[in-house]
Novice: 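Structure incoming, see below.
Residue numbers start from 1 in every chain, and the chains themselves are labelled A, B, ... in the order their sequence lines are given, proteins ahead of strands. The basis for the numbers below is simple: all heavy atoms, side chains too, and nothing from hydrogens, waters or symmetry mates.
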There are 2 protein chains.
Amino acid sequence: MVTIKDIAKLAGVTPSTVSRVLNHAGGYNDKTKTKIEQIAASLHYQKNEAASNLVAKTSNLIGVIITDSKSSFASPIIDSVEDTAYAHDIRILLAHCGLNDPKRLRFCLDLMAGQKVSGIISVAVQFDDDNLNYLESINIPLISLNVTVPHHPSIEIDDVQAAHDATTFLINRHYRKIALVAVDHSDPQTGIKRITGYKKALAEAHISLDPDLIVKGDFSFEAGVKAAKHLLSGDDWPDAIFAASDDAAAGVLSYAYTHHIKVPGKLAVLGFDDSHVAQIVTPALTTVKQPFSEMGRLAVQKIMAHDLAENVTVPYEILTRDSV
Amino acid sequence: MVTIKDIAKLAGVTPSTVSRVLNHAGGYNDKTKTKIEQIAASLHYQKNEAASNLVAKTSNLIGVIITDSKSSFASPIIDSVEDTAYAHDIRILLAHCGLNDPKRLRFCLDLMAGQKVSGIISVAVQFDDDNLNYLESINIPLISLNVTVPHHPSIEIDDVQAAHDATTFLINRHYRKIALVAVDHSDPQTGIKRITGYKKALAEAHISLDPDLIVKGDFSFEAGVKAAKHLLSGDDWPDAIFAASDDAAAGVLSYAYTHHIKVPGKLAVLGFDDSHVAQIVTPALTTVKQPFSEMGRLAVQKIMAHDLAENVTVPYEILTRDSV
DNA sequence: TAGGTTTACTCAAACGTTTGAGCTAATTTC
DNA sequence: GAAATTAGCTCAAACGTTTGAGTAAACCTA
């Protein structure tokens with residue numbers, strides 16, 4: 001393993017000088033500079049980050065905590081985080097905290113603390129009180145995507161408004177019996193907010209609320225199938241289904257397909273997220289697009305700029321494809 | 001920032017003892033042990049990994065290099081790598097190397113070398129000669145998933161055999177005019193191998209090869225759409241399409257849907273990978289399942305066990321759903 | 001009870017880098 | 001031409017941990 005000492009010896013200087021050259025710190029003349037750089041290159045010198053981090057007390061590492069990669073929106077976020085980080089010469093430490101697994105989340109935080117990451121980006125991670133306290137105690141800036149974490153900045157769309165606009169979008173297209181599907185009542189964030197927006201839009205249009213048209217679920221494909229089965233088994237069908245995720249919307253499409261229900265002819269389906277599946281499914285999903293790439297990029301930039309004062313609301317957009 | 005020195009002072013011992021206790025190294029009595037552990041807990045002590053890594057000369061970090069997360073199989077692999085790593089108290093350093101971007105791949109390797117990762121798992125990454133040489137020079141074990149990297153172990157399915165079996169699977173179901181779609185001729189690995197297997201199966205069944213039935217592409221949804229358009233525009237249709245990826249198969253389904261071609265009635269579609277989209281698409285894809293989770297798990301285990309002698313061929317499986 | 005062994009520690013060096021302070025010789029300033 | 005400044009280096013400490021070698025006391029053993 002080649003160190004700056006080796007380079008120093010060959011160049012006839014001390015390690016200090018080598019360090020200053022390699023870090024472009026100034027205080028050397030051009031001749032020694034080129035000499036040192038040549039030697040370093042020829043020896044395939046690689047800085048030992050551990051040593052460097054030890055004295056710097058930080059790590060140019062950003063921690064990314066996600067629940068798992070199954071949630072279809074993790075990928076685009078990670079992609080943009082990685083790309084942005086790459087451009088800034090920052091590395092990504094990835095950790096999964098599972099779903100509602102406080103012990104594992106705690107492990108993730110420990111890991112981040114141990115590595116002295118300069119910031120944490122959490123994606124759709126719900127913090128329990130214990131971990132929230134612990135997070136304060138380790139004193140690492142955190143920025144949360146998709147959900148709010150108390151006392152920490154977040155980057156999200158306005159879920160209430162988005163659900164409202166999406167519902168209104170359907171109403172404007174003359175759908176009246178609109179179901180909301182695969183939302184999680186127990187989710188204080190996304191779930192409740194989207195239900196609120198949905199109700200608000202109906203009220204504004206003077207459409208009476210039918211509680212049976214709100215079907216619980218967990219954002220998954222299966223939840224979509226189940227909800228569709230429930231809604232489309234009698235003969236009092238809704239004319240539009242607004243799903244809380246694209247996966248769930250795909251589930252609705254799947255059920256409709258197997259039961260020969262024409263989409264969008266007999267039934268309109270509206271998704272949420274604009275994840276990979278939205279374009280792949282047939283008919284392609286009209287959906288509420290979340291700007292995942294933008295969110296990932298912003299998160300990295302904010303951490304690097306130590307700009308963690310306030311929450312950011314990013315714009316959503318209703319993307320028209322073929323399912324409405 | 002609390003260090004072992006702080007703990008040592010409070011416990012009335014030296015840092016050495018604290019270190020040994022915290023690492024369960026033996027050589028202390030139970031009383032000091034519990035005392036030290038209590039103090040550590042109450043101070044929220046977090047080991048400084050940088051310092052630890054510096055003396056250990058490694059990092060209990062595993063590097064994962066992927067091209068990007070868009071390729072639908074990256075997610076399940078990363079998931080299982082993360083889970084396995086979590087169980088072994090290992091962390092994941094994630095890096096994207098882009099597609100055929102030697103400079104960025106080089107950056108990734110530098111990064112891994114600098115962090116002194118104990119091993120690299122590369123997912124579907126093709127190494128150019130320069131980077132291959134560089135990899136040798138930094139002397140970090142690498143295990144490659146999905147493609148072979150010269151002089152390094154890989155974990156893959158037998159692509160030739162898989163394509164052969166999949167084609168035979170179609171032949172046995174009385175399909176005769178079978179197209180192979182979205183394969184990359186220029187890809188010396190996956191592309192060529194799958195073409196080889198396909199041809200072999202046709203030859204064995206004494207079906208003459210029609211070169212027009214092999215349609216180039218890049219495994220993407222769009223490639224699938226394009227191929228379908230090309231194949232299904234005249235009137236001499238194939239009766240089955242074997243796509244080189246589930247995304248491409250979804251593209252075929254999409255084209256078929258919009259042009260009212262019944263699948264599997266008029267046309268059978270066979271996918272490859274069994275990625276997330278395979279189950280979500282309608283009709284659900286019959287596909288060649290790659291054991292991604294298993295592959296990720298194996299990769300981590302092999303790196304940890306320093307068992308990098310030979311290539312591993314993992315079993316694939318033809319998963320029957322509704323598209324054939 | 002003398003000898004040896006074990007237990008429970010301490011000491012100090014080491015890992016590779018960074019960085020403020022110090023030093024010398026060359027250059028500038030008035 | 002003496003004094004002040006600057007360029008280009010060196011010195012040595014520091015970061016927090018680990019670990020082999022050393023040591024003193026306690027415990028065996030015959």
Side-chain angles (χ1 to χ4, degrees), chain A residues 1-37 39-40 43-61 89 91 110-111 113-118 138-139, chain B residues 1-37 39-40 43-61 89 91 110-111 113-118 138-139:
Chain A
M1 185 187 306
V2 20
T3 73
I4 51 172
K5 287 184 189 174
D6 302 322
I7 300 175
K9 213 166 279 174
L10 285 175
V13 295
T14 59
S16 325
T17 306
V18 177
S19 172
R20 285 186 230 270
V21 168
L22 263 26
N23 291 311
H24 311 103
Y28 42 80
N29 80 20
D30 270 359
K31 251 168 133 177
T32 39
K33 179 190 148 153
T34 49
K35 190 173 181 182
I36 285 173
E37 281 173 345
I39 297 176
L43 293 184
H44 295 299
Y45 168 74
Q46 253 319 129
K47 165 163 43 172
N48 184 320
E49 299 283 348
S52 180
N53 293 342
L54 180 56
V55 7
K57 288 170 186 290
T58 93
S59 67
N60 56 53
L61 227 54
D89 218 341
R91 298 98 169 81
D110 272 342
L111 184 166
Q115 297 283 347
K116 306 264 176 288
V117 299
S118 35
I138 58 178
N139 201 33
Chain B
M1 186 187 304
V2 21
T3 74
I4 51 172
K5 287 184 189 173
D6 302 322
I7 300 175
K9 212 165 280 174
L10 285 175
V13 296
T14 60
S16 325
T17 306
V18 177
S19 172
R20 286 187 230 270
V21 168
L22 263 25
N23 292 311
H24 310 105
Y28 42 79
N29 80 18
D30 270 0
K31 250 167 135 179
T32 39
K33 180 189 147 152
T34 49
K35 191 173 182 183
I36 286 173
E37 282 174 344
I39 296 176
L43 293 184
H44 294 301
Y45 168 74
Q46 254 318 128
K47 161 157 57 167
N48 184 320
E49 299 283 347
S52 178
N53 294 342
L54 180 56
V55 8
K57 286 169 188 291
T58 94
S59 67
N60 56 52
L61 227 52
D89 218 341
R91 297 97 169 80
D110 272 343
L111 184 167
Q115 297 283 346
K116 307 265 177 285
V117 299
S118 34
I138 58 178
N139 200 33

Novice: Can you list the residues that meet the side-chain contact (heavy atoms from CB on, under 4.5 Å) rule with B:T14, with sequence neighbours excluded?
Specialist: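 B:S16, B:T17.
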Novice: Is it the case that the side chain of B:T58 and the backbone of B:S118 share a donor-acceptor pair, with hydrogens and angles ignored and the cut-off at 3.5 Å?
Specialist: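 Not a single qualifying donor-acceptor pair exists.
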Novice: Tabulate protein N/O versus nucleotide N/O from nucleotides 6-8 of chain C, keeping only pairs under 3.5 Å, one per line.
Specialist:
none

Novice: Tell me, please, which residues at least two apart from A:N29 pass side chain to side chain donor-acceptor pair (under 3.5 Å).
Specialist: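 Testing A:N29 for side chain to side chain donor-acceptor pair (under 3.5 Å), a comparison that skips the adjacent residues, returns A:T32.
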Novice: Applying side-chain contact (heavy atoms from CB on, under 4.5 Å), can you list everything that pairs with A:L10, at least two apart in sequence or on another chain?
Specialist: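 side-chain contact (heavy atoms from CB on, under 4.5 Å) list for A:L10, sorted by chain: A:I39, A:L43.
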Novice: Protein within reach of the bases, or only the backbone? For nucleotides 12-21 of chain D, mark each nucleotide 5' to 3' as B, S or -, using heavy atoms under 4.0 Å.
Specialist: B--BBBBBBB
Novice: With B:K9, which residues qualify under side-chain contact (heavy atoms from CB on, under 4.5 Å), at least two apart?
Specialist: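 Per chain and number, B:K9 pairs via side-chain contact (heavy atoms from CB on, under 4.5 Å) with no residue.
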Novice: Of all residues at least two apart in sequence or in a different chain, which pass the salt bridge (charged side-chain N to carboxylate O under 4.0 Å, His left out) check with B:D110?
Specialist: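 B:D110 satisfies salt bridge (charged side-chain N to carboxylate O under 4.0 Å, His left out) with B:R106 only.
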Novice: Work out which heavy atom in B:D6 is nearest to a heavy atom in B:T3; give both atom names and the distance.
Specialist: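 Where B:D6 meets B:T3 most closely, the heavy atoms are OD2-N, 2.8 Å.
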Novice: Using modelled atom types only, decide if a donor and an acceptor are shared between the side chain of A:S59 and the backbone of A:K116 within a distance under 3.5 Å.
Specialist: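 Judged by distance alone, yes, a pair lies under 3.5 Å.
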Novice: Students often get this wrong, so: under 4.0 angstrom with heavy atoms, is A:G12 touching a base, only sugar-phosphate, or nothing?
Specialist: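 Since only primed, P, OP1 and OP2 atoms lie under 4.0 Å of A:G12, the category is sugar-phosphate.
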Novice: State which residues pass side chain to side chain donor-acceptor pair (under 3.5 Å) with B:S19; sequence neighbours excluded, sorted by chain then number.
Specialist: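 Applying side chain to side chain donor-acceptor pair (under 3.5 Å) to B:S19 gives B:N23.
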Novice: Taking five pairs at each end, how big is the angle between the two axes of the helix from C:dG4-D:dC27 to C:dC30-D:dG1, to 10°?
Specialist: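 Answer for the end axes of this duplex: 40°.
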Novice: With sequence neighbours left out, which residue pairs that include part of residues 43-57 of chain A fulfil the salt bridge (charged side-chain N to carboxylate O under 4.0 Å, His left out) condition?
Specialist: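 Checked against salt bridge (charged side-chain N to carboxylate O under 4.0 Å, His left out) - neighbours excluded - the pairs reaching residues 43-57 of chain A are A:E49-A:R91.
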